[in-house]
Amino acid sequence: MRFRQVHLDFHTSEMIPHIGRKFSKPQFQEMLKRGHVDSITVFAKCHHGWAYFPSETNEIHPHLDFDLLGAQIEAAHEIGVKTPVYLSVGFDEKLARVHPEWLMRDENDQTNWVKGFMTPGYHQFCLNSPYLDLMIGQVEEVVRKYDADGIFLDIVGVRTCYCHTCVAMLRREGKDPREKRHVVEQGERIYANYTQRIREAIHAIKPEMPIFHNAGHISQGRRDLAAMNTHLELESLPTGGWGYDHFPLSARYVQPLGMDFLGMTGKFHTFWGEFGGYKHPNALRYETALSLANGARCSIGDQLHPEGLMDPATYELIGQAYAEVERKEAWCADTTAIADIGLLSVESVGVDKMGGAMFTGNSDAGAVRMLLEGKFLFDVIDPDADFDQYKVIILPDYVLISDRLRVKLEQFLRQGGKLLASGKSGLDAEERDFAIDFGVRRVGENPFKPDYFRPKFPLRSLGEASFVMYAAGQKIALDGGTELGRREDPYFNREVFTFSSHQHTPSSMNDGGPGMVEGASGIYIAWNVFEDYATKGSLFLKETVLYALDRLLPHKTLTTSLPAQGVVTLQEQQVERRLVNHLLYAVPVKRGDGVEIIEDIVPLYNIDVKLRLPGRRVKGVYLAPQGTPLDYRPGAEGIEYTLPELECHQMVVIDLQD
């Protein structure tokens with residue numbers, strides 16, 4: 001897998017003339033060189049359903065009079081650029097109007113993504129219909145005819161469908177389509193059948209062909225779905241709805257799976273298909289560096305103009321980021337992440353608490369944001385992960401303890417690990433009481449919302465006070481644990497006959513019972529603090545959690561003075577016998593209708609880093625890719641160094657002795 005990919009969309013209506021008229025091999029090649037591109041995904045079939053080559057299984061775009069796909073592959077290969085090939089699976093708009101009976105339907109017999117046919121947009125096909133056979137034939141044709149370097153299949157995933165074919169199949173099997181579980185289970189079977197048939201069809205022709213099925217998000221806790229691909233592409237356009245929290249969350253889950261993967265962002269100011277929209281070059285510099293820091297290769301989305309002319313401004317923009325990536329690749333290949341903490345994501349345990357930004361549950365997003373800002377080294381894990389490689393595991397807000405999970409956590413605790421849990425996490429599957437010993441017992445749901453938390457320790461920035469907790473919580477009692485902070489009730493909940501002031505009722509200053517407790521297994525916080533941080537962002541929430549983590553993890557692998565908005569990771573290249581400390585700094589701001597952008601990169605100076613490296617001996621430290629030696633101070637169990645300057649992204653390489 002290459003490091004510097006472009007995903008070149010080409011969804012082009014039949015109402016547009018002169019398709020590909022201005023395509024030029026020299027211009028195409030010049031733009032790839034200008035962009036420092038080493039791989040480009042080119043189109044065989046778009047969402048409108050048209051082929052971009054003379055096809056026997058599909059119809060070529062009515063206004064295209066040559067083999068555009070073949071010309072792009074030839075031009076790219078001539079200069080050493082790889083060409084994965086794209087086919088739209090979920091959408092084929094020209095066919096949707098011919099065979100509407102093959103489309104997915106919801107319970108109300110409505111289509112998606114748009115309802116009916118009087119709204120502009122695409123309609124998704126059911127892969128339990130005759131469309132699947134047609135689609136497989138289209139894929140086979142491309143694989144036979146062209147020297148593709150991979151197949152990218154779009155708009156697919158596990159779906160729930162109530163089309164006549166799906167309903168009839170369920171009834172033939174003696175199942176009731178009115179029961180959601182039957183529809184969900186059928187959706188799983190349909191998707192598994194699709195991926196199996198696609199793999200068999202492609203690999204019967206070219207056994208080593210890479211295949212990726214894109215659903216816009218890699219589902220945490222679904223290793224089976226990930227394994228249906230040969231590699232993973234993490235679609236995550238920060239300005240397109242995913243936000244800047246999504247990629248670190250997704251990448252920290254994917255890297256430990258051991259699959260090759262890349263991070264896919266876009267050159268667009270907003271979303272796919274935005275002609276004339278451009279990010280600031282610093283945004284792409286940061287986003288590609290963030291991919292490298294998390295063990296990923298890079299992909300940047302673009303969209304080709306209908307006349308086939310590559311946009312010079314786009315490739316100047318991409319080239320500024322990819323020129324830097326090219327210089328850094330040697331220190332970013334074949335890496336494994338070092339992590340002290342495993343974040344057991346809410347998504348991975350199947351709790352339906354998704355919300356907030358696209359594909360990002362608030363509890364998971366809030367936890368990742370705290371860990372990034374606290375400069376902890378962490379992975380996002382699922383129940384199948386190896387817990388014993390971590391020192392602390394976080395159970396955020398909604399992680400109920402199944403019998404299987406309890407066995408794994410008890411083993412982790414016996415090995416000396418510690419847990420940090422919040423909200424409902426740690427309760428048994430029936431939510432009756434705690435399945436893990438945090439030194440507390442459950443009394444019931446906290447009847448007050450919001451209420452208040454008064455810690456028994458001074459917060460780093462705010463000292464001692466009574467802090468408002470907006471999220472739901474649990475009422476608990478001590479059962480052998482040590483109280484680290486108490487809950488205070490408001491005078492009353494805000495209701496029509498009981499309200500005071502502009503928002504919520506103040507604290508009554510009473511002792512409402514423990515709110516944060518340390519027990520044999522770790523620390524429990526009685527509120528959904530991670531969800532609260534994702535939605536409110538209150539400083540005291542983060543400082544409370546960081547205090548808990550510092551107690552549970554007194555000997556962190558990495559400590560740094562990098563400010564809150566900075567990102568730090570530690571990757572290991574085992575073959576080269578070296579560690580690579582990535583430090584990044586940029587501050588996204590919101591403009592317009594909530595679009596997160598990065599524009600200015602402010603340099604930082606004299607960033608201190610301390611690494612605990614027990615059992616490892618350091619041979620030398622230098623900056624990459626510059627090659628500049630960096631002074632370091634040996635310690636009893638590691639080293640310390642000061643980074644003189646950080647401008648967007650810097651790698652510090654620690655060479656280890658054999």
Look up atom [atom1] in [X] and atom [atom2] in [Y], then write down how far apart they are to the nearest 0.5 Å.
| X | Y | atom1 | atom2 | value |
| --- | --- | --- | --- | --- |
| S236 | L249 | OG | CG | 9.0 Å |
| E329 | R2 | CD | CZ | 9.5 Å |
| R34 | L317 | CZ | CG | 12.5 Å |
| H582 | S291 | NE2 | OG | 11.0 Å |
| Q573 | D334 | CD | CG | 7.5 Å |
| M651 | T569 | CE | OG1 | 10.5 Å |

Geometric class of the H47/H11 ring pair [parallel <30°, tilted 30-60°, perpendicular >60°]: parallel

Side-chain heavy-atom pair [X], [Y] within 4.5 angstrom cut-off:
| X | Y | result |
| --- | --- | --- |
| I393 | F387 | yes |
| R578 | W331 | yes |
| T41 | V85 | no |
| R285 | H649 | no |
| M209 | V143 | yes |
| F53 | V142 | yes |
| K328 | L292 | yes |
| P210 | I151 | no |

Listed once per pair and sorted, the salt bridge (Lys or Arg N to Asp or Glu O under 4.0 Å) pairs that draw on residues 297-308, sequence neighbours left out: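 Checked against salt bridge (Lys or Arg N to Asp or Glu O under 4.0 Å) - neighbours excluded - the pairs reaching residues 297-308 are R21-E307, K22-E307.
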
Residue pairs passing the salt bridge (Lys or Arg N to Asp or Glu O under 4.0 Å) test where at least one lies in residues 648-658, sequence neighbours excluded: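 Matches after skipping sequence neighbours: R577-D658.
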
N/O donor-acceptor pair under 3.5 Å between [X] side chain and [Y] backbone:
| X | Y | value |
| --- | --- | --- |
| E640 | V609 | no |
| N214 | G216 | yes |
| E30 | P312 | no |
| D364 | G361 | no |
| T288 | L284 | yes |
| Q27 | M310 | yes |
| T12 | P306 | no |
| D149 | T83 | yes |
| S250 | F247 | no |
| Y322 | Q5 | yes |

Side-chain donor-acceptor pair present, D154, Y86, cut-off under 3.5 Å: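 Checked: D154/Y86 side chains pair up, N/O donor to acceptor below 3.5 Å.
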
State which residues pass salt bridge (Lys or Arg N to Asp or Glu O under 4.0 Å) with [X]; sequence neighbours excluded, sorted by chain then number.
| X | value |
| --- | --- |
| K418 | none |
| E576 | none |
| D38 | R4 |

Residues R222, E347; criterion salt bridge (charged side-chain N to carboxylate O under 4.0 Å, His left out); working and verdict: CA-CA 10 Å; R222 294 300 307 272; E347 180 186 355; over 6 Å; no

Neighbour count >12 (heavy atoms, 6.0 Å) for atom CD, E208: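 For E208, atom CD is not crowded (no more than 12 foreign heavy atoms under 6.0 Å).
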
More than 12 heavy atoms of other groups within 6.0 Å of R617 CZ: no

Would you tabulate the side-chain donor-acceptor contacts of residues 583-608 under 3.5 Å, counting partners in other chains and residues two or more places apart, or write 'none'?
residue : atom : partner : partner atom : Å
R591    : NH1  : E599    : OE1          : 2.8
D608    : OD1  : T642    : OG1          : 2.8

Test side-chain contact (heavy atoms from CB on, under 4.5 Å) applied to L643 and V652, step by step: CA-CA 8 Å; L643 178 63; V652 179; 4.3 Å; yes

Within residues 554-566 or reaching into it, pairs that qualify as side chain to side chain donor-acceptor pair (under 3.5 Å) - sequence neighbours excluded: D340-T557

Qualifying residues under side-chain hydrogen bond (donor to acceptor under 3.5 Å, both in side chains), relative to S461, sequence neighbours excluded: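 side-chain hydrogen bond (donor to acceptor under 3.5 Å, both in side chains) list for S461, sorted by chain: E543.
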
Partner residues of Q626 under the side-chain hydrogen bond (donor to acceptor under 3.5 Å, both in side chains) criterion, sequence neighbours left out: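 With neighbours one apart ignored, the set is Q650.
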
side-chain contact (heavy atoms from CB on, under 4.5 Å) partner of I218, chosen from L234, N229, L225: L234

Contact list for residues 280-309, test ring-ring contact (aromatic ring centres under 6.0 Å, His included), sequence neighbours left out: none

Which pairs would a plain distance check flag for residues 374-386, meaning a side-chain donor or acceptor within less than 3.5 Å of a matching protein atom at least two apart in sequence or in another chain?
residue : atom : partner : partner atom : Å
K375    : NZ   : L372    : O            : 3.1
K375    : NZ   : E373    : O            : 3.1
K375    : NZ   : P563    : O            : 2.9
K375    : NZ   : A564    : O            : 3.0
K375    : NZ   : G566    : O            : 3.1
D379    : OD1  : R252    : NH2          : 2.8
D379    : OD2  : Y390    : OH           : 2.7
D382    : OD1  : R223    : NE           : 3.3
D382    : OD1  : R223    : NH2          : 3.1
D382    : OD1  : D384    : N            : 2.9
D382    : OD1  : A385    : N            : 3.2
D382    : OD2  : R223    : NE           : 2.9
D382    : OD2  : Y253    : OH           : 2.6
D384    : OD1  : R404    : NH2          : 2.3
D386    : OD1  : D388    : N            : 3.1

Intermediate values then yes/no, side-chain contact (heavy atoms from CB on, under 4.5 Å), L304 and Q72: CA-CA 12 Å; L304 184 65; Q72 290 174 322; 3.6 Å; yes

What side-chain donor-acceptor pairs closer than 3.5 Å can you find for residues 259-279, not counting sequence neighbours?
residue : atom : partner : partner atom : Å
T265    : OG1  : K279    : NZ           : 2.9
T265    : OG1  : E287    : OE1          : 2.6
K267    : NZ   : G277    : O            : 3.1
K267    : NZ   : T314    : OG1          : 3.3
T270    : OG1  : E274    : OE1          : 3.4
T270    : OG1  : E274    : OE2          : 2.9
W272    : NE1  : E235    : OE2          : 2.7
E274    : OE1  : H269    : N            : 2.7
E274    : OE1  : T270    : N            : 3.0
Y278    : OH   : D311    : OD2          : 2.6
K279    : NZ   : G266    : O            : 2.7
K279    : NZ   : E287    : OE1          : 2.8
K279    : NZ   : E287    : OE2          : 3.4

